[in-house]
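The structure appears right after this line, and notes come after that.
In this text, all values refer to a predicted model and were calculated from it rather than measured experimentally. Proteins get letters first, then strands, A, B, ... in listed order; numbering begins at 1 in each.
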Number of protein chains: 2
Amino acid sequence: MVSVNSEFTIAVHSLVLLAYRPDRMATSEMIAANVCTHPARVRKVLSCLKKTGYVATREGSGGGYTLACEPGEVTLAEIYRVTSIGSIKPSWCSGDVEEDCLVACNMADVMDGIFSEAESRMLTFLEQMKITDVLERLRAAHAAKP
Amino acid sequence: MVSVNSEFTIAVHSLVLLAYRPDRMATSEMIAANVCTHPARVRKVLSCLKKTGYVATREGSGGGYTLACEPGEVTLAEIYRVTSIGSIKPSWCSGDVEEDCLVACNMADVMDGIFSEAESRMLTFLEQMKITDVLERLRAAHAAKP
DNA sequence: CTTACTGTTATTATAAATGTTACAGATTAA
DNA sequence: TTAATCTGTAACATTTATAATAACAGTAAG
């Protein structure tokens, strides 16, 4: 089975958590505890979100991560493009370019195109989902519990 | 990185190959050579397509797989549903249901819902792609080569 | 100058995917 | 009825991908 990069999940979770916190800031350790992973992994994903301007960081004592974007304006599509574009395509490839057979030698390319198109359909959906929408859903899920 | 189950690729490749062949039949060994995998893997995937009626099999000498559907009517969405539904969702889950935090304890569920919707958008695209369309693309890719 | 952070790399552990072997059961043909 | 050929399936081995962990340089605050 293949799937979407879990760094996408970590990125979204981190941004939502920052947006949820009144001061909009947290350390990698706090985020890692909430996400359930290792702080170093959080730092790796967030350093990527820093480069693209979604979070700001401050090193040193009292430092950490702060939200550097409007959660009501950032879509999951943007985050997906930054963290996981191309990830729905399986790493395993069918066929062999060296073969004579029309099917065998072109299948990898053709499937590649199909996966790209499928991914872009997925992106049109993620385009509509904003960080605040995820928060909204979290609240709804919470309210629905007994 | 996570991605779509590669059994989807094998299933599509096998069906396209059967549709391509004049007699519309082949053994697992022939298909495996074309796909570039082990015959046992092909048999596993195709036994699933047999149960759902897309191929027919004959055991014993002279046996093998034959196409049991109209390649111009079967969509990749049907094949995806049979082989890989749910596979875009990463196996790794963020958060922890036992936590008090609104974000931590509901994120897994919420992301699950988002992945399901994203997958269904992908399916509306695959709904339009038929086995014959894939063959078409293979021929186009072949013609485009120098 | 000590403490608390990020940024990054390297290493190890774990999980998942794929390949391979093996054999029972079915069918054909000699 | 025996030999050959094929599917169906399970068990096991191998490879690859993913995630966790450790380590440390660099930075800022107090």
Side-chain angles (χ1 to χ4, degrees), chain A residues 1-11 13-14 18 23 25-33 35-52 54-68 83-84 86-96, chain B residues 1-11 13-14 18 23 25-33 35-52 54-68 83-84 86-96:
Chain A
M1 214 142 66
V2 193
S3 62
V4 174
N5 200 322
S6 63
E7 291 185 9
F8 173 68
T9 303
I10 294 174
H13 190 138
S14 303
L18 287 173
D23 57 359
M25 63 181 304
T27 65
S28 64
E29 198 171 358
M30 293 160 72
I31 296 170
V35 167
C36 279
T37 186
H38 201 275
R41 198 168 182 217
V42 170
R43 293 202 289 272
K44 192 184 165 207
V45 173
L46 291 205
S47 84
C48 172
L49 292 185
K50 179 200 180 178
K51 280 169 195 153
T52 42
Y54 296 105
V55 300
T57 68
R58 221 178 49 231
E59 297 184 13
S61 180
Y65 298 89
T66 58
L67 201 61
T83 59
S84 311
S87 71
I88 72 157
K89 196 187 119 189
S91 51
W92 189 89
C93 264
S94 170
D96 177 358
Chain B
M1 211 139 72
V2 194
S3 61
V4 173
N5 200 322
S6 63
E7 291 184 9
F8 173 66
T9 302
I10 294 174
H13 190 138
S14 302
L18 287 172
D23 57 359
M25 64 181 302
T27 65
S28 64
E29 197 170 357
M30 293 160 72
I31 297 171
V35 167
C36 277
T37 187
H38 201 274
R41 199 166 180 221
V42 170
R43 292 203 289 271
K44 192 184 165 208
V45 173
L46 291 203
S47 86
C48 172
L49 293 184
K50 178 198 180 177
K51 278 169 195 151
T52 43
Y54 296 104
V55 299
T57 67
R58 222 178 48 232
E59 296 184 11
S61 181
Y65 298 89
T66 57
L67 201 61
T83 59
S84 310
S87 71
I88 71 155
K89 195 186 118 190
S91 51
W92 190 88
C93 265
S94 170
D96 177 0

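The shortest distance between the side-chain N/O atoms of Thr57(B) and the OP1/OP2 oxygens of dG8(D) is below 4.0 Å. For dA17(C), neither phosphate oxygen OP1 nor OP2 lies less than 4.0 angstrom from any side-chain nitrogen or oxygen of Ser91(A). Residue Thr27(A) places no side-chain N or O under 4.0 Å from the OP1 or OP2 atom of dT6(C).
Comparing dG19(C), dG7(C), dC6(D) by their closest approach to the side chain of Lys50(A) singles out dG7(C). When the nucleotides dG7(C), dA20(D), dT18(C) are ranked by their closest atom to the side chain of Thr37(A), dA20(D) comes out on top.
Scanning all heavy atoms of the two residues, the minimum distance from Ser6(A) to Arg41(A) falls at OG-NH2, 3.1 Å. In this structure, Ala56(A) and Ala68(A) approach most closely via the heavy-atom pair N-CB, 3.8 Å. Contact detail for Cys36(A) and Gly95(B): the closest heavy-atom pair is SG-O, 3.5 Å. Between Tyr65(A) and Leu18(A), the shortest heavy-atom contact is O-CD2, 3.7 Å. Minimum interatomic distance between Cys48(B) and Thr52(B) (heavy atoms only, all atoms of both residues): O-OG1, 3.0 Å. Summarising the geometry of Ser87(A) relative to Asn5(A), their closest heavy-atom pair is OG-N, 3.4 Å, with the distance given to 0.1 Å.
Distance, Leu49(A) CG to dG7(C) C1': 14 Å, rounded to whole Å. Here the C1' atom of nucleotide dG7(C) and the NE2 atom of His38(A) are 14 Å apart, to the nearest Å. Taking atom CD of residue Glu7(A) and atom P of nucleotide dA17(D), one finds them 15 Å apart after rounding to whole Å. One interatomic measurement links the two molecules: NZ of Lys89(B) to P of dA16(C), which rounds to 12 Å at whole-angstrom precision.
For the pair Trp92(B) and Glu29(B), both in contact range of DNA chain D, the more 5′-proximal nearest nucleotide belongs to Glu29(B).
Legend: residues meeting side chain to side chain donor-acceptor pair (under 3.5 Å) with Tyr54(A), ordered by chain and number and at least two apart, are Glu78(A).
Contact of the Ser28(A) side chain with the Leu46(A) side chain is not registered, since no non-hydrogen atoms from C-beta on lie closer than 4.5 Å. Within the 4.5 Å cutoff, side-chain heavy atoms of Thr37(A) are placed close to those of Trp92(B).
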Whether each nucleotide of nucleotides 25-30 of chain C has a protein heavy atom under 4.0 Å at its base (B), only at its sugar-phosphate (S) or at neither (-) is summarised, 5' to 3', as BBBB--
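Contacts of residues 40-47 of chain B with DNA chain C (heavy atom under 4.0 Å): Ala40(B), Arg41(B), Arg43(B).
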